[in-house]
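Contents: one structure, followed by commentary.
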2 protein chains.
Amino acid sequence: MKQAAPAADDGLRLSTWLPYRLFLVAAQVARPLESFYSETFGLSQAGWRILAVIAERDAANASEIGRACALDPFAVSRGIGQLAELGFAVRRPGKTDRRFAAVSITRSGRTAFNRIAALGSAIEARLLARLTESERTTLDSALTRLEGEGARIDAAGWRALLDDAAAP
Amino acid sequence: MKQAAPAADDGLRLSTWLPYRLFLVAAQVARPLESFYSETFGLSQAGWRILAVIAERDAANASEIGRACALDPFAVSRGIGQLAELGFAVRRPGKTDRRFAAVSITRSGRTAFNRIAALGSAIEARLLARLTESERTTLDSALTRLEGEGARIDAAGWRALLDDAAAP
DNA sequence: CGCACTGCTTGCACTTTGCAATTATATGTG
DNA sequence: CACATATAATTGCAAAGTGCAAGCAGTGCG
């Protein structure tokens, strides 16, 4: 009856595991923002992300949008549909090649975006206020590298990751 | 026809907005891990999180588990159900107060946990390898403060956040 | 033209989630 | 002691979200 070794065999503890910590902060601060835009505008998460993309990039096509906010083509299509229904975006056939959509933000879409972005910026400001100037710089540059490595990890898949770990 | 101001009015750009960057890294590295435990053990994300919690805390009750891994009581209950079905956890009524469950990991649950944790640690190691020692220290302490502020932001709700932003 | 290819959308089955109601247990009160 | 009230957890069900096969333009090449 020695089943219960109280500590985890592997050193992994959720509360100190970097990916979980990143996720946790992201999830915590995303929640109020999400309830704001969903209650106020009836927008989904994908809708908000797409809105943010087309706010800065006019006449984007669906795959550009997907790449810019990590959404698969289905989600993008549906998100655009939602934005169009709300009057926040219009889709026209592309100018030269009409297979590509040209999605643009409308005036009321921009108004909505600005209201959401104000809250988003307020949240970010509160987070940044907890950091010193030099911490912000470090975090920025660290995150850039982590994003790059994250993309590689994602692309590699778990089989490759386990193989690498076995034969370092 | 001056609808299209090409840049966002508010300064918020998704790709530089801190919460999105945190989310992005977390999501990228969570994907391979998630496909590993879901393909290999048929475990959901909630199931994995709960497994990680009960791997280090024996005879936990549902609310403790929920607090430890940021899951609402419904998700915890369902996750435990899944783990029980897979033979990775057992639930007994609590020793003193039988309203509380006492959830414990089983031997095969621990085996599964160790296998998943190995991949998790490998992923974390790859991320950390991109950082210098001093960056790791800074990130660790910065994340601790961000977690605290994140909890406050979450608790405050969007109304309070907007009010605060209006009257700083 | 016809055929293959590309970008995008739609329909449909499946899964997850949110919430009301329920069960089981404990505790306080007349 | 019986009763009302409170709490932990679970369950059922409707709504929302997701993944994928198939479909629909539109393009380009032989």
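Order of the sequence lines fixes the chain letters, A, B, ..., with proteins taken first and strands second; residue numbering starts at 1 for each chain. What you see is a predicted model; the values in this text were computed from it and never measured.
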Using a 4.0 Å heavy-atom cut-off, does A:S38 contact any base of the nucleic acid, only the sugar-phosphate backbone, or nothing at all? nothing
Donor-acceptor side-chain pairing of [X] and [Y] below 3.5 angstrom:
X: B:S141; Y: B:R145; answer: yes
X: A:T144; Y: B:R21; answer: yes
X: A:T111; Y: A:R107; answer: no
X: A:R49; Y: A:Q45; answer: yes

What is the distance, rounded to the nearest whole Å, between atom [atom1] of [X] and atom [atom2] of [N]?
X: A:I50; N: D:dG17; atom1: CD1; atom2: P; answer: 13 Å
X: A:R98; N: D:dG28; atom1: CZ; atom2: P; answer: 12 Å
X: B:Q82; N: D:dT10; atom1: CD; atom2: P; answer: 14 Å
X: B:Q45; N: D:dG17; atom1: CD; atom2: C1'; answer: 15 Å
X: A:W48; N: D:dG17; atom1: CH2; atom2: P; answer: 17 Å

What does nucleotides 4-20 of chain C look like as a protein-contact string, B for base, S for sugar-phosphate only, - for none, at under 4.0 angstrom between heavy atoms? --BSSBBBB----BBBB
Parallel under 30°, tilted from 30 to 60°, perpendicular over 60°: which one fits the rings of A:F113 and A:W48?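 Taking A:W48 first and then A:F113, their aromatic rings lie parallel (interplane angle under 30°).
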Non-hydrogen atoms of A:L24 and B:E147 that approach each other most closely: CD2-CG, 4.4 Å
